[in-house]
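A, B, ... follow the sequence lines: proteins, then strands. Residue 1 opens every chain.
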Protein chains: 2
Amino acid sequence: MRISFIGAGRVAHHLAAVLSQNHQIVQIYSRTLEHAQALASQVAAKATANIAELEPDVDLVIIAVSDQAIAEVIQQLHAQFTDVLIVHTSGSTDIQVLAEVHARAGVFYPLQTFSLAREVDWQATPLFVEAVQPQDQAQLIQLANSLSSHVYAYTSAQRLSLHLAAVFACNFSNYCYDMAKQVVDAQQVDFSLLYPLILETAQKAVQYDPKQMQTGPAMRGDQNILNRHQQMLEDAKREDLKKVYNLMSQQILQSHQTKA
Amino acid sequence: MRISFIGAGRVAHHLAAVLSQNHQIVQIYSRTLEHAQALASQVAAKATANIAELEPDVDLVIIAVSDQAIAEVIQQLHAQFTDVLIVHTSGSTDIQVLAEVHARAGVFYPLQTFSLAREVDWQATPLFVEAVQPQDQAQLIQLANSLSSHVYAYTSAQRLSLHLAAVFACNFSNYCYDMAKQVVDAQQVDFSLLYPLILETAQKAVQYDPKQMQTGPAMRGDQNILNRHQQMLEDAKREDLKKVYNLMSQQILQSHQTKA
(Lines give C-alpha, C1' and ligand atoms only; values in the text may rest on other atoms or scores of the structure.)
Protein backbone atom coordinates (compact mmCIF):
# COMPACT_ATOMS: atom_id res chain seq x y z
CA MET A 1 0.00 0.00 0.00
CA ARG A 2 0.96 3.62 -0.54
CA ILE A 3 0.42 5.39 2.77
CA SER A 4 0.78 9.01 3.88
CA PHE A 5 0.79 10.28 7.44
CA ILE A 6 -0.73 13.42 8.89
CA GLY A 7 1.23 14.10 12.07
CA ALA A 8 4.78 13.25 13.13
CA GLY A 9 4.39 12.56 16.86
CA ARG A 10 4.92 9.36 18.84
CA VAL A 11 2.15 7.29 17.26
CA ALA A 12 3.08 8.40 13.72
CA HIS A 13 6.74 7.57 14.37
CA HIS A 14 6.14 4.03 15.55
CA LEU A 15 3.37 3.24 13.07
CA ALA A 16 5.23 4.66 10.07
CA ALA A 17 8.38 2.79 11.09
CA VAL A 18 6.69 -0.60 11.23
CA LEU A 19 4.51 -0.04 8.16
CA SER A 20 7.52 1.10 6.11
CA GLN A 21 8.86 -2.46 6.32
CA ASN A 22 6.16 -3.73 3.96
CA HIS A 23 4.55 -0.65 2.50
CA GLN A 24 5.59 2.58 0.86
CA ILE A 25 5.31 5.62 3.10
CA VAL A 26 4.73 8.39 0.56
CA GLN A 27 4.58 11.60 2.60
CA ILE A 28 4.70 12.83 6.16
CA TYR A 29 2.82 16.03 6.93
CA SER A 30 3.37 18.10 10.04
CA ARG A 31 2.68 21.76 10.72
CA THR A 32 6.31 21.87 11.82
CA LEU A 33 8.42 20.98 8.79
CA GLU A 34 11.39 19.79 10.89
CA HIS A 35 9.16 17.25 12.65
CA ALA A 36 7.91 15.96 9.31
CA GLN A 37 11.48 15.79 7.99
CA ALA A 38 12.78 13.93 11.03
CA LEU A 39 10.24 11.16 10.56
CA ALA A 40 10.27 11.20 6.73
CA SER A 41 14.01 10.60 6.65
CA GLN A 42 13.57 7.46 8.76
CA VAL A 43 10.93 5.89 6.52
CA ALA A 44 12.14 7.03 3.09
CA ALA A 45 9.19 9.39 2.64
CA LYS A 46 8.86 13.02 1.59
CA ALA A 47 8.15 15.69 4.19
CA THR A 48 5.79 18.62 3.91
CA ALA A 49 4.28 21.29 6.11
CA ASN A 50 1.81 22.29 3.40
CA ILE A 51 -1.42 20.29 3.08
CA ALA A 52 -1.83 21.44 -0.54
CA GLU A 53 1.41 19.58 -1.37
CA LEU A 54 0.02 16.19 -0.30
CA GLU A 55 -0.15 13.79 -3.26
CA PRO A 56 -3.63 12.38 -3.78
CA ASP A 57 -2.35 9.15 -5.35
CA VAL A 58 -2.18 7.02 -2.18
CA ASP A 59 -4.20 4.07 -0.82
CA LEU A 60 -4.42 5.21 2.77
CA VAL A 61 -4.03 8.38 4.80
CA ILE A 62 -3.34 7.92 8.52
CA ILE A 63 -4.21 10.87 10.74
CA ALA A 64 -2.05 10.66 13.87
CA VAL A 65 -2.54 14.06 15.44
CA SER A 66 -3.92 15.11 18.82
CA ASP A 67 -7.58 14.21 19.26
CA GLN A 68 -8.64 17.85 19.27
CA ALA A 69 -7.09 18.48 15.85
CA ILE A 70 -8.77 15.58 14.00
CA ALA A 71 -11.98 17.44 13.06
CA GLU A 72 -10.06 20.34 11.59
CA VAL A 73 -7.60 18.09 9.75
CA ILE A 74 -10.30 16.06 7.98
CA GLN A 75 -11.90 19.29 6.75
CA GLN A 76 -8.59 20.27 5.19
CA LEU A 77 -7.88 16.83 3.71
CA HIS A 78 -11.22 15.80 2.32
CA ALA A 79 -11.16 17.65 -1.00
CA GLN A 80 -7.73 16.27 -1.95
CA PHE A 81 -8.48 12.65 -0.99
CA THR A 82 -12.16 12.29 -1.98
CA ASP A 83 -11.84 8.64 -2.90
CA VAL A 84 -9.06 7.59 -0.50
CA LEU A 85 -9.50 5.71 2.77
CA ILE A 86 -8.65 8.04 5.67
CA VAL A 87 -8.28 6.72 9.21
CA HIS A 88 -7.51 8.26 12.56
CA THR A 89 -5.62 6.49 15.34
CA SER A 90 -7.51 7.77 18.38
CA GLY A 91 -9.15 5.64 21.04
CA SER A 92 -11.58 8.34 22.10
CA THR A 93 -12.62 9.89 18.81
CA ASP A 94 -15.80 8.62 17.18
CA ILE A 95 -15.50 7.50 13.56
CA GLN A 96 -18.29 10.02 12.89
CA VAL A 97 -15.83 12.90 13.26
CA LEU A 98 -14.32 11.68 9.98
CA ALA A 99 -17.45 10.15 8.46
CA GLU A 100 -19.46 13.38 8.63
CA VAL A 101 -17.03 14.88 6.17
CA HIS A 102 -15.51 11.93 4.35
CA ALA A 103 -17.21 8.83 2.91
CA ARG A 104 -14.27 6.41 3.15
CA ALA A 105 -13.61 6.94 6.85
CA GLY A 106 -11.98 4.51 9.26
CA VAL A 107 -10.11 4.02 12.51
CA PHE A 108 -6.83 2.22 13.21
CA TYR A 109 -6.28 2.34 16.97
CA PRO A 110 -3.26 0.69 18.62
CA LEU A 111 -3.84 0.16 22.36
CA GLN A 112 -0.39 0.93 23.70
CA THR A 113 1.58 3.74 25.28
CA PHE A 114 4.21 5.05 22.90
CA SER A 115 7.50 6.77 23.65
CA LEU A 116 10.04 7.72 21.06
CA ALA A 117 12.77 6.10 23.13
CA ARG A 118 11.26 2.61 23.32
CA GLU A 119 10.64 -0.03 20.66
CA VAL A 120 7.06 -1.22 20.28
CA ASP A 121 6.24 -4.93 20.31
CA TRP A 122 3.66 -4.73 17.54
CA GLN A 123 2.86 -8.44 17.54
CA ALA A 124 1.60 -8.11 21.13
CA THR A 125 -0.15 -4.76 20.66
CA PRO A 126 -3.93 -5.03 20.31
CA LEU A 127 -5.18 -3.16 17.22
CA PHE A 128 -8.78 -2.00 16.87
CA VAL A 129 -10.12 -1.20 13.42
CA GLU A 130 -13.38 0.30 12.23
CA ALA A 131 -14.57 1.56 8.84
CA VAL A 132 -17.74 2.95 7.34
CA GLN A 133 -17.47 0.79 4.24
CA PRO A 134 -17.11 -3.01 4.47
CA GLN A 135 -14.34 -3.23 1.87
CA ASP A 136 -12.36 -0.61 3.79
CA GLN A 137 -12.89 -2.56 6.99
CA ALA A 138 -11.57 -5.69 5.29
CA GLN A 139 -8.52 -3.82 4.08
CA LEU A 140 -7.79 -2.38 7.54
CA ILE A 141 -8.13 -5.81 9.12
CA GLN A 142 -5.66 -7.19 6.60
CA LEU A 143 -3.22 -4.36 7.29
CA ALA A 144 -3.61 -4.81 11.06
CA ASN A 145 -3.10 -8.57 10.80
CA SER A 146 0.24 -7.95 9.11
CA LEU A 147 1.40 -6.11 12.26
CA SER A 148 -0.26 -7.77 15.22
CA SER A 149 -1.73 -11.08 16.25
CA HIS A 150 -4.41 -9.24 18.24
CA VAL A 151 -6.74 -7.50 15.79
CA TYR A 152 -10.32 -6.58 16.62
CA ALA A 153 -13.18 -4.93 14.74
CA TYR A 154 -14.56 -2.57 17.37
CA THR A 155 -17.24 0.09 17.24
CA SER A 156 -16.47 3.62 18.37
CA ALA A 157 -18.46 3.02 21.58
CA GLN A 158 -16.46 -0.11 22.45
CA ARG A 159 -13.21 1.68 21.68
CA LEU A 160 -14.19 4.57 23.94
CA SER A 161 -14.74 2.23 26.92
CA LEU A 162 -11.44 0.59 26.27
CA HIS A 163 -9.70 3.94 26.13
CA LEU A 164 -11.29 4.99 29.42
CA ALA A 165 -10.01 1.76 30.99
CA ALA A 166 -6.58 2.45 29.49
CA VAL A 167 -6.48 5.83 31.23
CA PHE A 168 -6.86 4.03 34.57
CA ALA A 169 -4.48 1.19 33.72
CA CYS A 170 -1.75 3.30 32.13
CA ASN A 171 -2.02 7.05 32.73
CA PHE A 172 -3.13 6.79 36.35
CA SER A 173 -0.81 3.94 37.30
CA ASN A 174 2.03 6.00 35.82
CA TYR A 175 0.96 8.96 37.92
CA CYS A 176 1.11 6.66 40.97
CA TYR A 177 4.75 5.91 40.07
CA ASP A 178 5.34 9.65 39.67
CA MET A 179 3.87 10.33 43.14
CA ALA A 180 5.97 7.51 44.64
CA LYS A 181 9.07 9.07 43.11
CA GLN A 182 8.17 12.44 44.62
CA VAL A 183 7.88 10.82 48.06
CA VAL A 184 11.30 9.15 47.89
CA ASP A 185 12.96 12.13 46.17
CA ALA A 186 11.96 14.33 49.11
CA GLN A 187 13.92 11.98 51.40
CA GLN A 188 16.92 11.64 49.05
CA VAL A 189 16.05 7.98 48.71
CA ASP A 190 16.72 6.30 45.38
CA PHE A 191 13.55 5.64 43.35
CA SER A 192 15.20 2.55 41.87
CA LEU A 193 14.60 0.75 45.19
CA LEU A 194 10.95 0.59 44.11
CA TYR A 195 11.61 -0.97 40.69
CA PRO A 196 11.15 -4.63 41.74
CA LEU A 197 7.90 -3.69 43.46
CA ILE A 198 6.57 -1.80 40.43
CA LEU A 199 7.40 -4.62 38.02
CA GLU A 200 6.05 -7.35 40.29
CA THR A 201 2.79 -5.46 40.86
CA ALA A 202 2.26 -5.18 37.09
CA GLN A 203 3.21 -8.83 36.53
CA LYS A 204 0.73 -9.95 39.15
CA ALA A 205 -2.06 -7.84 37.65
CA VAL A 206 -1.68 -9.55 34.26
CA GLN A 207 -1.46 -13.01 35.76
CA TYR A 208 -4.27 -12.77 38.31
CA ASP A 209 -7.28 -10.58 39.06
CA PRO A 210 -5.84 -7.30 40.40
CA LYS A 211 -8.59 -7.10 43.01
CA GLN A 212 -7.39 -10.41 44.47
CA MET A 213 -3.80 -9.13 44.37
CA GLN A 214 -4.53 -5.96 46.35
CA THR A 215 -2.21 -5.54 49.33
CA GLY A 216 -1.33 -2.66 51.66
CA PRO A 217 -2.64 -0.90 54.74
CA ALA A 218 -5.99 0.16 53.20
CA MET A 219 -6.78 -3.39 52.08
CA ARG A 220 -5.96 -4.66 55.58
CA GLY A 221 -7.98 -1.87 57.16
CA ASP A 222 -4.91 -0.82 59.15
CA GLN A 223 -6.10 2.56 60.41
CA ASN A 224 -2.89 3.23 62.40
CA ILE A 225 -0.70 3.13 59.31
CA LEU A 226 -3.25 5.05 57.23
CA ASN A 227 -3.25 7.81 59.84
CA ARG A 228 0.53 7.87 60.07
CA HIS A 229 0.95 8.10 56.27
CA GLN A 230 -1.62 10.88 56.09
CA GLN A 231 0.19 12.75 58.84
CA MET A 232 3.51 12.39 56.97
CA LEU A 233 1.99 13.89 53.84
CA GLU A 234 0.46 16.68 55.86
CA ASP A 235 3.78 17.42 57.60
CA ALA A 236 5.44 17.52 54.18
CA LYS A 237 2.75 19.99 53.06
CA ARG A 238 1.80 17.68 50.19
CA GLU A 239 -1.92 18.35 50.15
CA ASP A 240 -2.08 16.97 46.58
CA LEU A 241 -0.60 13.59 47.49
CA LYS A 242 -2.68 13.46 50.66
CA LYS A 243 -5.90 13.90 48.67
CA VAL A 244 -5.00 10.99 46.41
CA TYR A 245 -3.87 8.91 49.39
CA ASN A 246 -7.15 9.49 51.22
CA LEU A 247 -9.43 8.87 48.25
CA MET A 248 -7.69 5.72 47.04
CA SER A 249 -7.36 4.32 50.57
CA GLN A 250 -11.01 4.97 51.31
CA GLN A 251 -12.10 3.17 48.15
CA ILE A 252 -9.73 0.23 48.61
CA LEU A 253 -10.93 -0.07 52.20
CA GLN A 254 -14.57 -0.07 51.13
CA SER A 255 -14.15 -2.55 48.31
CA HIS A 256 -12.29 -4.98 50.59
CA GLN A 257 -14.43 -4.40 53.67
CA THR A 258 -15.87 -7.90 53.73
CA LYS A 259 -12.33 -9.30 53.82
CA ALA A 260 -11.01 -7.04 56.59
CA MET B 1 21.11 -20.00 62.32
CA ARG B 2 18.19 -21.49 64.20
CA ILE B 3 15.15 -19.36 63.33
CA SER B 4 11.53 -19.40 64.46
CA PHE B 5 8.64 -17.54 62.86
CA ILE B 6 5.71 -15.81 64.48
CA GLY B 7 3.02 -15.68 61.79
CA ALA B 8 2.30 -17.89 58.79
CA GLY B 9 1.05 -15.40 56.19
CA ARG B 10 2.52 -14.35 52.86
CA VAL B 11 5.72 -12.76 54.17
CA ALA B 12 6.39 -15.64 56.57
CA HIS B 13 5.84 -18.18 53.78
CA HIS B 14 8.29 -16.63 51.37
CA LEU B 15 10.89 -15.70 53.95
CA ALA B 16 10.81 -19.08 55.72
CA ALA B 17 11.04 -20.86 52.38
CA VAL B 18 14.16 -19.04 51.25
CA LEU B 19 15.83 -19.06 54.69
CA SER B 20 15.20 -22.81 55.07
CA GLN B 21 17.69 -23.40 52.25
CA ASN B 22 20.63 -22.38 54.47
CA HIS B 23 19.22 -22.24 57.96
CA GLN B 24 17.16 -24.34 60.28
CA ILE B 25 13.58 -23.18 60.69
CA VAL B 26 12.75 -24.44 64.18
CA GLN B 27 9.11 -23.51 64.77
CA ILE B 28 6.24 -21.73 63.09
CA TYR B 29 3.70 -20.11 65.38
CA SER B 30 0.25 -19.02 64.24
CA ARG B 31 -2.95 -18.47 66.21
CA THR B 32 -4.50 -20.82 63.67
CA LEU B 33 -2.73 -24.16 64.01
CA GLU B 34 -3.57 -25.26 60.45
CA HIS B 35 -1.84 -22.17 59.07
CA ALA B 36 1.25 -22.91 61.14
CA GLN B 37 1.18 -26.55 60.05
CA ALA B 38 0.81 -25.68 56.37
CA LEU B 39 3.98 -23.59 56.44
CA ALA B 40 5.90 -25.79 58.91
CA SER B 41 5.50 -28.83 56.67
CA GLN B 42 7.11 -26.93 53.79
CA VAL B 43 10.20 -25.87 55.72
CA ALA B 44 10.74 -28.92 57.94
CA ALA B 45 9.76 -27.02 61.10
CA LYS B 46 7.41 -27.73 63.97
CA ALA B 47 4.05 -25.97 64.16
CA THR B 48 2.38 -24.51 67.20
CA ALA B 49 -0.59 -22.31 68.08
CA ASN B 50 0.61 -21.92 71.66
CA ILE B 51 3.22 -19.26 72.42
CA ALA B 52 4.23 -21.08 75.58
CA GLU B 53 5.37 -24.01 73.40
CA LEU B 54 7.95 -21.92 71.55
CA GLU B 55 11.48 -23.21 72.19
CA PRO B 56 13.78 -20.48 73.56
CA ASP B 57 16.91 -22.08 72.12
CA VAL B 58 17.03 -20.20 68.78
CA ASP B 59 19.23 -17.45 67.31
CA LEU B 60 16.51 -15.37 65.73
CA VAL B 61 12.76 -14.88 66.01
CA ILE B 62 11.07 -13.30 63.02
CA ILE B 63 7.71 -11.64 63.67
CA ALA B 64 5.76 -11.61 60.42
CA VAL B 65 2.26 -10.69 61.56
CA SER B 66 0.00 -7.76 60.71
CA ASP B 67 1.42 -4.41 61.82
CA GLN B 68 -1.32 -3.94 64.41
CA ALA B 69 -0.45 -7.21 66.15
CA ILE B 70 3.29 -6.57 66.58
CA ALA B 71 3.06 -4.68 69.89
CA GLU B 72 0.94 -7.39 71.46
CA VAL B 73 3.13 -10.20 70.13
CA ILE B 74 6.38 -8.78 71.52
CA GLN B 75 4.76 -8.53 74.98
CA GLN B 76 3.93 -12.21 74.78
CA LEU B 77 7.33 -13.27 73.42
CA HIS B 78 9.73 -11.21 75.48
CA ALA B 79 9.89 -13.33 78.64
CA GLN B 80 10.67 -16.53 76.69
CA PHE B 81 13.33 -14.97 74.45
CA THR B 82 15.04 -12.49 76.80
CA ASP B 83 18.44 -12.87 75.19
CA VAL B 84 17.38 -13.69 71.61
CA LEU B 85 17.36 -11.29 68.67
CA ILE B 86 13.74 -10.59 67.67
CA VAL B 87 12.91 -8.73 64.45
CA HIS B 88 9.73 -7.62 62.78
CA THR B 89 9.30 -7.40 58.98
CA SER B 90 7.15 -4.28 58.73
CA GLY B 91 7.91 -1.19 56.67
CA SER B 92 5.78 1.11 58.77
CA THR B 93 6.45 -0.06 62.31
CA ASP B 94 9.13 1.73 64.30
CA ILE B 95 11.83 -0.45 65.84
CA GLN B 96 10.80 1.18 69.13
CA VAL B 97 7.64 -0.92 69.22
CA LEU B 98 9.95 -3.89 69.87
CA ALA B 99 12.77 -2.02 71.63
CA GLU B 100 10.51 -0.64 74.36
CA VAL B 101 9.94 -4.18 75.53
CA HIS B 102 12.94 -6.15 74.25
CA ALA B 103 16.63 -5.23 74.33
CA ARG B 104 17.77 -7.23 71.29
CA ALA B 105 15.26 -5.73 68.85
CA GLY B 106 15.62 -5.43 65.09
CA VAL B 107 13.90 -5.07 61.74
CA PHE B 108 14.20 -7.17 58.60
CA TYR B 109 12.03 -5.49 55.95
CA PRO B 110 11.77 -6.86 52.40
CA LEU B 111 10.42 -4.22 50.00
CA GLN B 112 8.24 -6.37 47.78
CA THR B 113 4.61 -7.39 47.31
CA PHE B 114 4.13 -11.02 48.21
CA SER B 115 1.52 -13.49 46.98
CA LEU B 116 1.43 -17.13 47.86
CA ALA B 117 1.03 -18.01 44.19
CA ARG B 118 4.16 -16.30 42.90
CA GLU B 119 7.85 -17.01 43.46
CA VAL B 120 9.93 -14.17 44.90
CA ASP B 121 13.14 -13.07 43.22
CA TRP B 122 15.06 -12.55 46.47
CA GLN B 123 18.30 -11.49 44.78
CA ALA B 124 16.48 -8.48 43.31
CA THR B 125 14.41 -7.66 46.39
CA PRO B 126 15.75 -4.74 48.45
CA LEU B 127 16.14 -5.66 52.13
CA PHE B 128 16.27 -3.03 54.88
CA VAL B 129 17.70 -3.98 58.25
CA GLU B 130 17.92 -2.16 61.55
CA ALA B 131 18.91 -3.23 65.05
CA VAL B 132 19.32 -1.64 68.45
CA GLN B 133 22.64 -3.39 69.09
CA PRO B 134 25.53 -3.15 66.62
CA GLN B 135 26.36 -6.87 66.74
CA ASP B 136 22.72 -7.69 65.94
CA GLN B 137 22.81 -5.23 63.06
CA ALA B 138 25.93 -6.93 61.69
CA GLN B 139 24.25 -10.31 61.94
CA LEU B 140 21.13 -9.10 60.17
CA ILE B 141 23.21 -7.56 57.39
CA GLN B 142 25.01 -10.85 56.95
CA LEU B 143 21.74 -12.76 56.84
CA ALA B 144 20.27 -10.26 54.35
CA ASN B 145 23.36 -10.43 52.14
CA SER B 146 22.88 -14.17 51.84
CA LEU B 147 19.47 -13.55 50.23
CA SER B 148 19.72 -10.32 48.26
CA SER B 149 22.28 -8.18 46.51
CA HIS B 150 20.41 -5.06 47.66
CA VAL B 151 20.82 -4.74 51.43
CA TYR B 152 20.53 -1.42 53.25
CA ALA B 153 20.85 -0.33 56.89
CA TYR B 154 17.90 2.03 57.24
CA THR B 155 16.45 3.86 60.21
CA SER B 156 12.78 3.49 61.06
CA ALA B 157 12.11 6.99 59.68
CA GLN B 158 13.73 6.18 56.33
CA ARG B 159 11.84 2.91 56.14
CA LEU B 160 8.56 4.67 56.83
CA SER B 161 9.09 7.06 53.88
CA LEU B 162 9.94 4.17 51.65
CA HIS B 163 6.84 2.31 52.73
CA LEU B 164 4.68 5.36 52.02
CA ALA B 165 6.19 5.55 48.53
CA ALA B 166 5.56 1.82 48.11
CA VAL B 167 1.86 2.36 48.83
CA PHE B 168 1.70 4.75 45.87
CA ALA B 169 3.88 2.62 43.58
CA CYS B 170 2.29 -0.73 44.38
CA ASN B 171 -1.03 -0.57 46.25
CA PHE B 172 -2.41 2.41 44.35
CA SER B 173 -1.15 1.34 40.92
CA ASN B 174 -2.77 -2.04 41.58
CA TYR B 175 -6.01 -0.29 42.45
CA CYS B 176 -5.74 1.55 39.10
CA TYR B 177 -5.58 -1.85 37.39
CA ASP B 178 -8.57 -2.97 39.44
CA MET B 179 -10.55 0.11 38.35
CA ALA B 180 -9.55 -0.45 34.71
CA LYS B 181 -10.82 -4.01 34.97
CA GLN B 182 -14.13 -2.79 36.38
CA VAL B 183 -14.51 -0.45 33.39
CA VAL B 184 -13.91 -3.16 30.78
CA ASP B 185 -15.86 -5.80 32.71
CA ALA B 186 -18.94 -3.57 32.58
CA GLN B 187 -18.69 -3.64 28.77
CA GLN B 188 -17.96 -7.38 28.55
CA VAL B 189 -14.55 -6.46 27.15
CA ASP B 190 -11.63 -8.72 28.00
CA PHE B 191 -9.25 -7.19 30.57
CA SER B 192 -6.36 -9.04 28.92
CA LEU B 193 -6.46 -6.49 26.09
CA LEU B 194 -4.86 -4.09 28.57
CA TYR B 195 -1.98 -6.40 29.54
CA PRO B 196 0.59 -5.02 27.04
CA LEU B 197 -0.25 -1.50 28.17
CA ILE B 198 0.11 -2.33 31.87
CA LEU B 199 3.45 -4.06 31.39
CA GLU B 200 4.84 -1.37 29.08
CA THR B 201 3.82 1.41 31.47
CA ALA B 202 5.67 -0.31 34.32
CA GLN B 203 8.71 -1.01 32.13
CA LYS B 204 8.89 2.63 31.11
CA ALA B 205 8.65 3.83 34.71
CA VAL B 206 11.68 1.79 35.72
CA GLN B 207 13.70 2.83 32.68
CA TYR B 208 12.89 6.54 32.64
CA ASP B 209 11.47 9.18 34.95
CA PRO B 210 7.72 8.42 35.20
CA LYS B 211 6.89 12.11 35.05
CA GLN B 212 8.55 12.31 31.63
CA MET B 213 6.67 9.18 30.55
CA GLN B 214 3.21 10.54 31.44
CA THR B 215 0.75 10.28 28.55
CA GLY B 216 -3.04 10.58 28.22
CA PRO B 217 -5.75 13.21 27.90
CA ALA B 218 -4.98 14.96 31.22
CA MET B 219 -1.30 15.34 30.35
CA ARG B 220 -2.25 16.78 26.93
CA GLY B 221 -4.87 19.05 28.54
CA ASP B 222 -7.53 17.52 26.27
CA GLN B 223 -10.66 18.85 27.99
CA ASN B 224 -13.03 17.26 25.43
CA ILE B 225 -11.89 13.74 26.23
CA LEU B 226 -11.74 14.45 29.96
CA ASN B 227 -15.36 15.63 29.85
CA ARG B 228 -16.47 12.65 27.81
CA HIS B 229 -14.81 10.14 30.13
CA GLN B 230 -16.35 11.86 33.15
CA GLN B 231 -19.75 11.72 31.49
CA MET B 232 -19.32 8.00 30.78
CA LEU B 233 -18.54 7.31 34.44
CA GLU B 234 -21.50 9.41 35.50
CA ASP B 235 -23.82 7.59 33.09
CA ALA B 236 -22.55 4.29 34.48
CA LYS B 237 -23.32 5.60 38.00
CA ARG B 238 -19.72 5.00 39.03
CA GLU B 239 -19.31 7.97 41.35
CA ASP B 240 -16.30 6.22 42.95
CA LEU B 241 -14.37 5.88 39.69
CA LYS B 242 -15.37 9.38 38.66
CA LYS B 243 -13.91 10.85 41.86
CA VAL B 244 -10.58 9.15 41.20
CA TYR B 245 -10.69 10.13 37.52
CA ASN B 246 -11.30 13.78 38.37
CA LEU B 247 -8.70 14.05 41.10
CA MET B 248 -5.93 12.28 39.21
CA SER B 249 -6.68 14.15 35.97
CA GLN B 250 -6.69 17.48 37.75
CA GLN B 251 -3.30 16.79 39.34
CA ILE B 252 -1.73 15.42 36.15
CA LEU B 253 -3.04 18.47 34.29
CA GLN B 254 -1.58 20.84 36.87
CA SER B 255 1.81 19.17 37.06
CA HIS B 256 2.15 19.19 33.26
CA GLN B 257 0.64 22.62 32.70
CA THR B 258 3.85 24.19 31.48
CA LYS B 259 4.11 21.48 28.80
CA ALA B 260 0.51 21.72 27.56
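Note that CE of B/Met213 is 13.5 Å distant from OH of A/Tyr177, once rounded to the nearest 0.5 Å. Atom-to-atom distance recorded for A/Asn171:CG and B/Met248:CE is 9.5 Å, nearest 0.5 angstrom.
No other option in A/Gln207, A/Gln250, A/Gln223, A/His150 has as many heavy-atom pairs under 4.5 Å with chain B as A/Gln207. The candidate from A/Leu160, A/Asn224, A/Val184 with the greatest count of non-hydrogen atom pairs under 4.5 Å with chain B is A/Leu160. Most heavy-atom pairs under 4.5 Å with chain B, from the set A/Lys243, A/Gln158, A/Lys204: that is A/Lys204. The greatest number of non-hydrogen atom pairs below 4.5 Å with chain B, out of A/Leu162, A/Asp209, A/Asn174, is found for A/Asn174. Between chain A and the options B/Val120, B/Leu247, B/Leu233, B/Leu193, heavy-atom pairs under 4.5 Å are most frequent for B/Leu193. With respect to chain A, the highest number of heavy-atom pairs below 4.5 Å among B/Thr125, B/Thr93, B/Ile252 belongs to B/Ile252. Comparing B/Leu199, B/Val189, B/Leu241 by how many heavy-atom pairs each has under 4.5 Å with chain A, the most go to B/Leu199. Across A/Asp240, A/Asp121, A/Asp178, A/Leu197, the residue that shares the most heavy-atom pairs under 4.5 angstrom with chain B is A/Leu197. Most heavy-atom pairs under 4.5 Å with chain A, from the set B/Ala180, B/Ala202, B/Ser92, B/Pro210: that is B/Pro210. Between chain A and the options B/Ala236, B/Pro217, B/Ser192, the largest number of non-hydrogen pairs under 4.5 Å is found for B/Pro217. In terms of heavy-atom pairs under 4.5 angstrom with chain B, the leader among A/Cys170, A/Ala218, A/Ala124, A/Ala205 is A/Cys170.
A pairwise comparison of heavy atoms in B/Glu119 and A/Glu200 identifies O-OE2, 4.5 Å as the closest pair. Closest approach of A/Val183 and B/Ser161 over heavy atoms only: CG1-O, 3.6 Å. For the residue pair B/Ala169 and A/Ile198, the shortest heavy atom distance occurs at CB-CG1, 3.9 Å.
Inspection of the A/Tyr175 and B/Gln214 side chains reveals no N or O donor paired with an N or O acceptor under 3.5 Å. Side chains of B/Ser66 and A/Asp222: no donor on one and acceptor on the other come within 3.5 Å.
When the heavy atoms of residues 111-118 of chain B are compared with those of chain A, the residues falling under 4.5 Å are B/Leu111, B/Gln112, B/Thr113, B/Phe114, B/Ser115, B/Ala117, B/Arg118, listed by number.
Interface remark: B/Leu164 contributes backbone and side-chain atoms alike to the contact with chain A (heavy atom separation under 4.5 Å). Interface remark: B/Val167 contributes side-chain atoms only to the contact with chain A (heavy atom separation under 4.5 Å). Residue B/Lys181 touches chain A through its side chain alone, counting heavy-atom pairs closer than 4.5 Å. Looking at B/Ser249, both its backbone and its side chain come within 4.5 Å of chain A, counting heavy atoms on both sides. Of the two parts of B/Gln203, the backbone and the side chain both hold a non-hydrogen atom closer than 4.5 Å to a non-hydrogen atom of chain A.
For the pair B/His163 and A/Ile225, the minimum side-chain heavy-atom distance is below 4.5 Å. The side-chain heavy atoms of A/Val244 and B/Phe168, taken from C-beta on, include a pair separated by under 4.5 Å.
Heavy atoms of other residues, nucleotides or ligands lying less than 6.0 angstrom from CD of A/Gln123 number more than 12.
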Where do A/Phe172 and B/Tyr245 land on the ring-ring contact (aromatic ring centres under 6.0 Å, His included) test, with the steps shown first? CA-CA 8 Å; A/Phe172 292 170; B/Tyr245 189 96; 5.4 Å; yes
